[in-house]
Amino acid sequence: QVQLVESGGGLVQAGGSLRLSCAASGLTFSSYGMGWFRQAQGKEREFVAGIRTSGARTYYTDSVRGRFTISRDNAKNTVYLQMNSLKPEDTAVYYCATGYGVIRMDVPGAYNYWGQGTQVTVSS
(Lines give C-alpha, C1' and ligand atoms only; values in the text may rest on other atoms or scores of the structure.)
Protein backbone atom coordinates (compact mmCIF):
# COMPACT_ATOMS: atom_id res chain seq x y z
CA GLN A 1 0.00 0.00 0.00
CA VAL A 2 1.00 3.61 -0.43
CA GLN A 3 2.85 5.12 2.51
CA LEU A 4 4.07 8.65 3.02
CA VAL A 5 6.39 9.43 5.93
CA GLU A 6 7.26 13.01 6.78
CA SER A 7 10.29 14.08 8.78
CA GLY A 8 12.28 17.19 9.55
CA GLY A 9 9.86 19.17 11.67
CA GLY A 10 10.83 20.81 14.93
CA LEU A 11 11.13 24.03 16.91
CA VAL A 12 12.91 26.97 15.31
CA GLN A 13 13.17 30.69 16.00
CA ALA A 14 11.60 33.21 13.68
CA GLY A 15 13.87 33.84 10.72
CA GLY A 16 15.27 30.34 10.83
CA SER A 17 15.05 27.46 8.39
CA LEU A 18 13.87 23.88 8.28
CA ARG A 19 13.78 21.25 5.55
CA LEU A 20 10.93 18.78 5.55
CA SER A 21 11.19 15.45 3.77
CA CYS A 22 8.48 13.05 2.70
CA ALA A 23 9.52 9.52 1.76
CA ALA A 24 7.03 7.63 -0.39
CA SER A 25 6.63 3.91 -0.93
CA GLY A 26 4.15 1.59 -2.58
CA LEU A 27 3.77 3.65 -5.74
CA THR A 28 5.55 4.61 -8.94
CA PHE A 29 6.71 7.86 -7.43
CA SER A 30 7.68 9.58 -10.66
CA SER A 31 4.09 9.25 -11.90
CA TYR A 32 2.53 11.11 -8.98
CA GLY A 33 2.18 14.79 -8.26
CA MET A 34 3.07 15.72 -4.69
CA GLY A 35 1.74 18.37 -2.39
CA TRP A 36 2.49 19.89 1.00
CA PHE A 37 -0.33 21.11 3.20
CA ARG A 38 -0.43 22.45 6.73
CA GLN A 39 -2.97 22.70 9.49
CA ALA A 40 -2.65 25.11 12.37
CA GLN A 41 -4.52 24.46 15.59
CA GLY A 42 -8.16 25.38 15.21
CA LYS A 43 -7.86 26.07 11.49
CA GLU A 44 -8.61 24.21 8.30
CA ARG A 45 -5.95 22.36 6.35
CA GLU A 46 -4.42 24.66 3.75
CA PHE A 47 -2.31 24.19 0.66
CA VAL A 48 1.35 25.18 0.94
CA ALA A 49 3.12 23.92 -2.21
CA GLY A 50 2.78 21.40 -5.01
CA ILE A 51 5.07 19.85 -7.60
CA ARG A 52 4.26 17.98 -10.80
CA THR A 53 5.69 14.57 -11.68
CA SER A 54 8.88 15.72 -13.37
CA GLY A 55 9.46 18.60 -11.00
CA ALA A 56 9.29 21.11 -13.82
CA ARG A 57 6.14 22.81 -12.49
CA THR A 58 5.76 24.04 -8.94
CA TYR A 59 3.01 25.94 -7.15
CA TYR A 60 2.90 27.91 -3.91
CA THR A 61 0.37 29.67 -1.78
CA ASP A 62 1.01 33.39 -1.69
CA SER A 63 2.05 33.51 1.96
CA VAL A 64 5.08 31.23 1.39
CA ARG A 65 6.14 32.16 -2.14
CA GLY A 66 9.75 33.34 -2.12
CA ARG A 67 10.43 31.74 1.28
CA PHE A 68 9.61 28.05 0.69
CA THR A 69 10.87 25.77 -2.07
CA ILE A 70 9.38 22.43 -3.01
CA SER A 71 11.52 19.89 -4.83
CA ARG A 72 11.60 16.18 -5.50
CA ASP A 73 14.12 13.44 -6.09
CA ASN A 74 12.43 10.73 -8.12
CA ALA A 75 15.40 8.40 -7.68
CA LYS A 76 14.91 8.54 -3.90
CA ASN A 77 11.09 8.62 -3.93
CA THR A 78 11.25 11.73 -1.80
CA VAL A 79 9.75 15.21 -1.90
CA TYR A 80 11.21 18.10 0.09
CA LEU A 81 10.03 21.42 1.43
CA GLN A 82 12.80 23.88 2.18
CA MET A 83 11.43 26.55 4.49
CA ASN A 84 13.42 29.75 4.99
CA SER A 85 12.67 33.00 6.82
CA LEU A 86 10.15 31.19 8.98
CA LYS A 87 7.50 33.19 10.79
CA PRO A 88 5.39 32.34 13.86
CA GLU A 89 2.36 32.11 11.57
CA ASP A 90 4.02 29.17 9.79
CA THR A 91 3.47 27.11 12.95
CA ALA A 92 1.37 24.07 12.02
CA VAL A 93 1.39 20.36 11.39
CA TYR A 94 2.73 19.84 7.88
CA TYR A 95 1.45 17.00 5.73
CA CYS A 96 2.59 15.64 2.42
CA ALA A 97 0.04 14.19 0.06
CA THR A 98 -0.13 12.46 -3.29
CA GLY A 99 -2.61 11.32 -5.87
CA TYR A 100 -2.56 10.00 -9.41
CA GLY A 101 -3.60 12.53 -12.01
CA VAL A 102 -4.01 15.44 -9.61
CA ILE A 103 -5.13 18.51 -11.54
CA ARG A 104 -5.92 21.07 -8.85
CA MET A 105 -2.88 20.76 -6.61
CA ASP A 106 -4.26 23.26 -4.11
CA VAL A 107 -7.37 21.20 -3.32
CA PRO A 108 -7.04 18.64 -0.48
CA GLY A 109 -9.80 16.50 -1.95
CA ALA A 110 -7.74 15.91 -5.08
CA TYR A 111 -5.27 13.78 -3.14
CA ASN A 112 -5.73 10.10 -2.31
CA TYR A 113 -2.93 9.52 0.19
CA TRP A 114 -1.64 11.49 3.16
CA GLY A 115 1.25 11.22 5.57
CA GLN A 116 0.89 11.38 9.34
CA GLY A 117 2.23 14.92 9.56
CA THR A 118 5.19 16.58 11.22
CA GLN A 119 4.97 19.48 13.66
CA VAL A 120 6.67 22.76 12.83
CA THR A 121 6.78 25.36 15.59
CA VAL A 122 8.24 28.82 15.02
CA SER A 123 8.89 30.91 18.10
CA SER A 124 8.94 34.69 18.06
Side-chain angles (χ1 to χ4, degrees):
Q1 70 277 22
V2 176
Q3 285 192 318
L4 302 174
V5 180
E6 302 99 333
S7 61
L11 173 64
V12 64
Q13 288 189 331
S17 299
L18 284 174
R19 187 175 84 152
L20 305 184
S21 299
C22 173
S25 60
L27 74 169
T28 304
F29 183 75
S30 59
S31 298
Y32 284 71
M34 301 296 298
W36 284 99
F37 289 77
R38 65 187 180 187
Q39 188 166 17
Q41 195 167 8
K43 296 188 177 181
E44 292 188 354
R45 191 168 298 190
E46 66 169 349
F47 171 75
V48 175
I51 188 167
R52 296 292 183 191
T53 54
S54 69
R57 297 291 299 270
T58 58
Y59 308 87
Y60 298 93
T61 192
D62 288 345
S63 62
V64 308
R65 187 174 291 111
R67 299 188 297 123
F68 291 11
T69 303
I70 188 171
S71 62
R72 64 189 297 159
D73 185 337
N74 286 346
K76 295 183 177 180
N77 287 9
T78 301
V79 62
Y80 304 98
L81 186 68
Q82 177 67 44
M83 306 186 294
N84 298 330
S85 302
L86 282 161
K87 304 175 180 180
E89 51 263 44
D90 295 318
T91 295
V93 178
Y94 284 70
Y95 300 89
C96 70
T98 189
Y100 188 78
V102 172
I103 297 176
R104 287 288 307 274
M105 302 206 81
D106 59 334
V107 176
Y111 295 81
N112 306 109
Y113 306 101
W114 293 82
Q116 82 289 348
T118 186
Q119 176 71 46
V120 171
T121 303
V122 184
S123 64
S124 57

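Remember, predicted model here, so these are calculated numbers, not experimental data.
T78 and D73 share no donor-acceptor pair across their side chains, judged by distance under 3.5 Å alone.
The minimum heavy-atom distance linking M34 with L4 is given by the pair CE-CD2, 4.2 Å. V93 and G117 get closest at one heavy-atom pair: CG1-CA, 3.8 Å. Minimum interatomic distance between M83 and L86 (heavy atoms only, all atoms of both residues): CB-CD2, 3.8 Å. Taking each heavy atom of L11 and S123 in turn, the nearest pair found is CD1-CB, 4.4 Å. Heavy atoms only, all atoms of each residue included: A40 and A92 are closest at N-CB, 3.7 Å. Considering all non-hydrogen atoms of both residues, G26 and V2 come closest at O-CG2, 3.6 Å.
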Evaluate the side chain to side chain contact (heavy atoms under 4.5 Å, CB included) criterion for residues N84 and S17: first the C-alpha distance (whole Å), next the side-chain angles of each, then the deciding distance (0.1 Å), finally the verdict. CA-CA 4 Å; N84 298 330; S17 299; 2.9 Å; yes
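The neighbour count for R65 CZ, taken as heavy atoms of other residues, nucleotides or ligands under 6.0 Å away, is above 12.
Electrostatic pairing of D90 and K87 does not count as a salt bridge here, judged by no charged N lying under 4.0 Å from a carboxylate O.
One distance of note links CG of N77 with CG of L27; it measures 6.5 Å at 0.5 Å rounding. Distance check, rounded to the nearest 0.5 Å: CZ of R67 to CD of Q82 gives 12.0 Å. Remark: I70 CD1 to L20 CG distance equals 10.5 Å, nearest 0.5 Å. In this structure, CD1 on I51 lies 12.5 Å from SG on C96, to the nearest 0.5 angstrom. Interatomic distance, OG1 of T58 versus CE of M105, reported as 10.0 Å (0.5 Å rounding). Between Q41 atom CD and Q119 atom CD the span is 8.5 Å, to the nearest 0.5 Å.
A donor-acceptor contact shorter than 3.5 Å is absent between the side chain of Q39 and the backbone of Y94. Remark: side-chain polar atoms of T91 are not paired, donor with acceptor, to backbone N or O of T121 under 3.5 angstrom. Remark: the backbone N or O of A56 is paired with a side-chain donor or acceptor of S54 at under 3.5 angstrom. Checking side-chain atoms of T98 against main-chain N and O of G33 turns up a donor-acceptor pair under 3.5 Å.
Geometrically, R38 does not engage Y95 in a cation-pi contact, judged by NZ or CZ lying under 6.0 Å from the ring centre and within 45° of the ring axis. R72 forms no cation-pi arrangement with Y80, by the criterion of a distance under 6.0 Å to the ring centre and an angle within 45° of the ring axis.
Both V48 and L18 are members of a single hydrophobic cluster when ILVMFWY side chains are connected at heavy-atom separations under 4.5 Å.
Contacts classified as ring-ring contact (aromatic ring centres under 6.0 Å, His included) and involving residues 16-63 (residues at least two apart or in different chains) are given here: Y32-Y100, F37-F47, F37-Y111, F37-W114.
Take R57 and apply the side-chain hydrogen bond (donor to acceptor under 3.5 Å, both in side chains) test, not counting sequence neighbours, and it matches no residue.
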